[in-house]
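Got a structure here, written out as structure tokens. Questions coming.
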Amino acid sequence: MAMPWLPLRRGSRQVDPIAVLALARRIAGDLAGGLSGPGGPSAARHIRRLLGVRAAGLADLSGEIIWAGHPSDATEAGDLVSEVLHTETGAGRPPLLAVPLDVDDEVAGVLVVDGQTDQSAVREVAWLVAHGLARGKLDASAEQAARSELRALRAEISPHFVYNALTVIAALVKSEPDRSRELMLDFADYNRYSLAHHGEYTTVAEEFHAIETYLTLQRAVLGDRLRVQIRVAPDVLAVPLPYLVLQPLVENAIRHGIEPRGEGGTVQVHGEAQGSDCVISIEDDGVGMDPVWAETVLAGKGVAGSVGLTNVDKRLRTVYGSWHGLVVETAPGAGTRVLVRVPRFQPGVMPS
């Protein structure tokens, strides 16, 4: 009969390093939502298996213990947890052992073990659990930061543009009622996409639709001063990308490139496949800028109105890695070209 694997129980039984690593990975994943999250019971089960003990429990700061197995004395275990939470040091009354879980130099909870096992192994598992909690906390902070950045983009919608668009629509109500109605619908569609979208990801098709709506309104405001060319290859329309990435770049091209130029200019938006990537360019023939100033803007040190460029660059790097930040080509009087490069096939990234 084959000997069963109990990863950290030594002596007459074998230690399987692959099983240990697999269980460690599962525990870290289970704790992404914290000790009281949905993965808590599963983490306790994996810890019990890892240590080969009668019972293993995890307690958050409330002192409530999530058990895997049946402890010999649940009341005594609860007292140990309370003792650890108040003293921030380990406590033990055989066969029970309680170890604090330290995250960022603070006790985040307690690991409780019931059964004969190596105390050094328990401390190692406690470190593993604390590391999983710290990782989950960091991921939650990153997610919160991403949501804050998205809110910042939404808040940056130009009041000047909104005022001008509504003024133009109002002026056309009597002279061109049909066009006024169409522009009002476009304005409603623009706001729906810019303000009411709740998903993290969209598609190139949806983002290009938002761009077309925005440009329709801007053409109504700027008239012949704004010329537009949009071209997107069909094979990239379904590519997922972070929500509200392209529209702010188009708005930036008009606000900082075309509007300051008295005679107006042209904005071109192109999207195509290049190997395994989807490459989208937003180009204007406006006033341009000093390349050094462009670097300053991307670094988040530009003027208040340039938050869109900085924000989009940061979000792309967060999602896809540092190689997928914005590329800005510009010079004074030569316009500006911004390149967005995202993978066409990104595992785990799907439009909402």
Side-chain angles (χ1 to χ4, degrees), residues 2-74 76-142:
M3 184 68 71
W5 293 107
L6 288 179
L8 291 183
R9 290 296 297 275
R10 299 179 181 273
S12 62
R13 296 185 177 184
Q14 296 170 284
V15 175
D16 181 6
I18 296 178
V20 170
L21 291 173
L23 286 175
R25 178 174 55 82
R26 291 172 187 167
I27 291 169
D30 289 336
L31 293 172
L35 291 171
S36 57
S42 177
R45 288 194 298 271
H46 291 316
I47 291 170
R48 181 193 179 202
R49 182 182 174 194
L50 194 61
L51 292 171
V53 292
R54 177 190 299 112
L58 292 170
D60 60 14
L61 295 179
S62 71
E64 183 177 351
I65 306 174
I66 299 173
W67 285 106
H70 302 285
S72 55
D73 192 331
E76 184 75 8
D79 292 341
L80 285 179
V81 167
S82 179
E83 184 178 335
V84 171
L85 290 176
H86 285 90
T87 64
E88 300 187 1
T89 59
R93 297 167 196 167
L96 291 167
L97 180 64
V99 181
L101 302 171
D102 296 319
V103 178
D104 296 334
D105 298 324
E106 294 182 355
V107 174
V110 181
L111 168 65
V112 191
V113 174
D114 186 351
Q116 298 299 324
T117 190
D118 188 336
Q119 292 190 15
S120 63
V122 175
R123 287 192 292 270
E124 289 296 322
V125 171
W127 179 89
L128 175 66
V129 172
H131 180 73
L133 292 174
R135 173 184 165 187
K137 183 179 179 181
L138 183 63
D139 289 345
S141 297

Among pairs that include at least one residue of residues 81-109, which meet ring-ring contact (aromatic ring centres under 6.0 Å, His included), considering only residues two or more places apart or in two chains?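 Non-adjacent pairs meeting ring-ring contact (aromatic ring centres under 6.0 Å, His included): zero.
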Contacts satisfying ring-ring contact (aromatic ring centres under 6.0 Å, His included) that involve residues 26-69 (not counting sequence neighbours) are none
Minimal heavy-atom distance between L80 and A91, with the atoms involved, is CD2-CB, 3.7 Å
Residues which pass side-chain contact (heavy atoms from CB on, under 4.5 Å) with P41, listed by chain and number, not counting sequence neighbours: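 So P41 forms a side-chain contact (heavy atoms from CB on, under 4.5 Å) with R45, I66.
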What closest approach, in Å, do V103 and A108 show between heavy atoms, and which atom pair accounts for it?
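Of all heavy-atom pairs spanning V103 and A108, the closest is CG2-CB, 3.8 Å.
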Contact summary for A126 and P100, nearest pair of heavy atoms: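 The pair with the smallest heavy-atom distance is CB-O, 4.3 Å.
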query: Among all residues two or more places apart in sequence or in another chain, which pass the side-chain contact (heavy atoms from CB on, under 4.5 Å) test with V110?
result: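 Scan of V110 (side-chain contact (heavy atoms from CB on, under 4.5 Å), adjacent residues dropped) gives A59, V81, V84, L85, A98, V112.
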* **Listed once per pair and sorted, the salt bridge (Lys or Arg N to Asp or Glu O under 4.0 Å) pairs that draw on residues 59-73, sequence neighbours left out** =>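 Sorted result for residues 59-73: empty, none.
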Task: By side-chain contact (heavy atoms from CB on, under 4.5 Å) - contacts of S72 (at least two apart) - done: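 Here the qualifying residues are R54, P95, D114.
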Heavy atoms of T117 and L51 approach each other most closely as OG1-O, 3.6 Å
**OP:** Name all residues meeting the salt bridge (Lys or Arg N to Asp or Glu O under 4.0 Å) criterion together with E76; count only those two or more places apart in sequence or in a different chain, and write none if there are none.
**Re:**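 Residues passing salt bridge (Lys or Arg N to Asp or Glu O under 4.0 Å) with E76: R93.
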What verdict does the side-chain contact (heavy atoms from CB on, under 4.5 Å) test give for V113 and L111, after you've listed the backbone C-alpha separation in whole Å, the side-chain angles of each residue and the deciding distance to 0.1 Å? CA-CA 7 Å; V113 174; L111 168 65; 4.2 Å; yes
Straight-line distance of L50 CG to E124 CD, nearest 0.5 Å: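 So the CG of L50 and the CD of E124 are separated by 10.5 Å.
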What one should report as the nearest heavy-atom pair of G57 and I65 is CA-CG2, 3.8 Å
